[in-house]
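Below is one structure, written out as structure tokens, with a few remarks after it.
Order of appearance sets the numbers: ligands from 1, and atoms from 1 within every ligand. What's counted below: heavy atoms across the whole structure, side chains too, no hydrogens, waters or symmetry copies. Being a predicted model, the structure only gives us computed values, none of them experimental.
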Amino acid sequence: MSSASTPHPDWSTSGFSTRAIHAGQDPDAATGAVVPPIYQVSTYKQDGVGGLRSGYEYSRSANPTRTALEEALGAVETPAGAAQARGFAFASGLAAEDTLLRATLRPGDHVLVPDDAYGGTYRLVARVFGPWGIEHTAVDLTDLDAVRAAVQPGRTKVLWVETPTNPLLGISDIAALAQIAHEHGATLVVDNTFATPYLQQPLGLDADVVVHSTTKYIGGHSDVVGGALVVADGAELPGDLLSPAGTRGLADAVGFHQNSSGAVAGPFDAWLTLRGLKTLAVRMDRHSANAAAVAEFLEAHPAVTQVVYPGLASHPGHELATRQMRGFGGMVSFRAGSEEKALAVCARTQVFTLAESLGGVESLIEHPGRMTHASVAGSALEVPDDLVRLSVGIEDAADLIADLTRALA
Ligand SMILES: *Cc1c(COP(=O)(O)O)cnc(C)c1O
């Protein structure tokens, strides 16, 4: 794939928000436009055969708006002082995951997935890759001995991590899991959708690659579906696999598969996602503060039997989350005592909108058992039927608490 980057200042010593706002986003050389324009274009004039301007040839391979997003995503997932990670933008989170699994696995290989993985990830691994000869084991990632026992030496090529998980907000130890994966030559993948790079930087904890559904917090406004992979500098393919270019580089293989399968982010989607990314830090601070206030309110409420939020001292992963994350994020789950009561709360809120998805500025409420997690009923991933999941938005906390007070009455 052609890498079509324009020269830009070195943002590697800058803080998170400076990178989010500037990396890959220099003012347009021709016009001075201060944000990257939407290059709604499929092909590019060549100055003589093969004479590409800035490397652009065809927009599946590279498009300037997508390049801006990919560079920015690489920059925000790069830990302080590390060499710049490589970002790739896709049409959805699952398209990103599909590309990564194709790049790293071959028939006969084995994958470890969290026993409370995002349902779409589980479906992709079990029902799309299963018939192509990939086996999987679902394991509790908070139990490192169980993870060690589930590894099949020589066959396990990918260890898939989510932390926090959805909807039970389990916290697992990325650095410890990376060590287990690397002892076996496996790739350590972290789905960083819930935490975002602002709250958690897996590549600094030895993960090889980060996955995002940018549909969620990075986009942040419930107006675009997208996904991303960010590959650590120097990360290699699992086992003794070679990329189609004959190298060991994971980024080389991902780039090849991105172009070969073509599930890329379109220019307008890339532009919207980039616009969301610029405000990620301020939004996550507010999401986290509001979620903490909501979690404390719920924990004191007599109609609520359990609150699950990594910021609460009552959460079993609280100490690990404190070490591993900058803040605890905007997702809160709670148990209402019965399915009937859970459904009633979901039906009665007025500020919280009843809807799937998460990570937007507006607060959402849902019943995982009947909605996002209906497809995993009866499997190891089944969730309690009295569970309610909140995506706490950035409205005024007092209005959110008043809404829940009414709905729980
Ligand atoms: C939504 C989500 C995905 C899938 O992303 P899409 O953009 O919906 O394809 C993957 N992982 C997590 C944790 C998610 O929340």
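Of all atoms in ligand 1, listed by their number and element, those nearer than 4.0 Å to a heavy atom of S92 are 7 (O), 9 (O). Residue contact check: F194 has heavy atoms under 4.0 Å from atoms 15 (O) of ligand 1. Listed by number with element, the atoms of ligand 1 under 4.0 Å from a non-hydrogen atom of D191 are 10 (C), 11 (N), 12 (C), 13 (C). With ligand atoms numbered from 1 in the order given, ligand 1 contributes 7 (O) to contacts under 4.0 Å with heavy atoms of G226. Interface atoms of ligand 1 facing E97, defined by a heavy-atom separation under 4.0 Å, are 10 (C), 11 (N). Contact atoms of ligand 1 toward S213: 1 (C), 2 (C), 3 (C), 4 (C), 5 (O), 6 (P), 7 (O) (distance under 4.0 Å to a heavy atom of the residue).
Residue-level proximity to ligand 1 for T215 is carried by the side chain, the only part with a heavy atom below 4.0 angstrom.
Remark: E339 engages R370 in a salt bridge, criterion side-chain N to carboxylate O under 4.0 Å.
The ring of F328 has its center closer than 6.0 angstrom to the ring center of H318.
Taking all heavy atoms of K216, M331, E356 into account, the minimum distance to atom 2 (C) of ligand 1 is reached by K216.
P238 approaches T187 most closely through the heavy-atom pair CD-OG1, 3.2 Å.
Residue contacts with ligand 1: G93 is placed with a nitrogen or oxygen under 3.5 Å of a nitrogen or oxygen of the ligand (distance criterion only).
If you check which protein heavy atom lies closest to atom 4 (C) of ligand 1, you get Y118 CE2, 3.4 Å.
Ring orientation note: the planes of W11 and H22 are close to parallel, at an angle under 30° on the 30°/60° scale. By the 30° and 60° cut-offs, the orientation of the rings of F297 relative to H301 is perpendicular.
With F16 as the aromatic partner, K278 does not meet the cation-pi criteria of under 6.0 angstrom to the ring centre and within 45 degrees of the ring axis.
The closest side-chain donor-acceptor pair between E319 and Q324, if any, does not fall under 3.5 angstrom.
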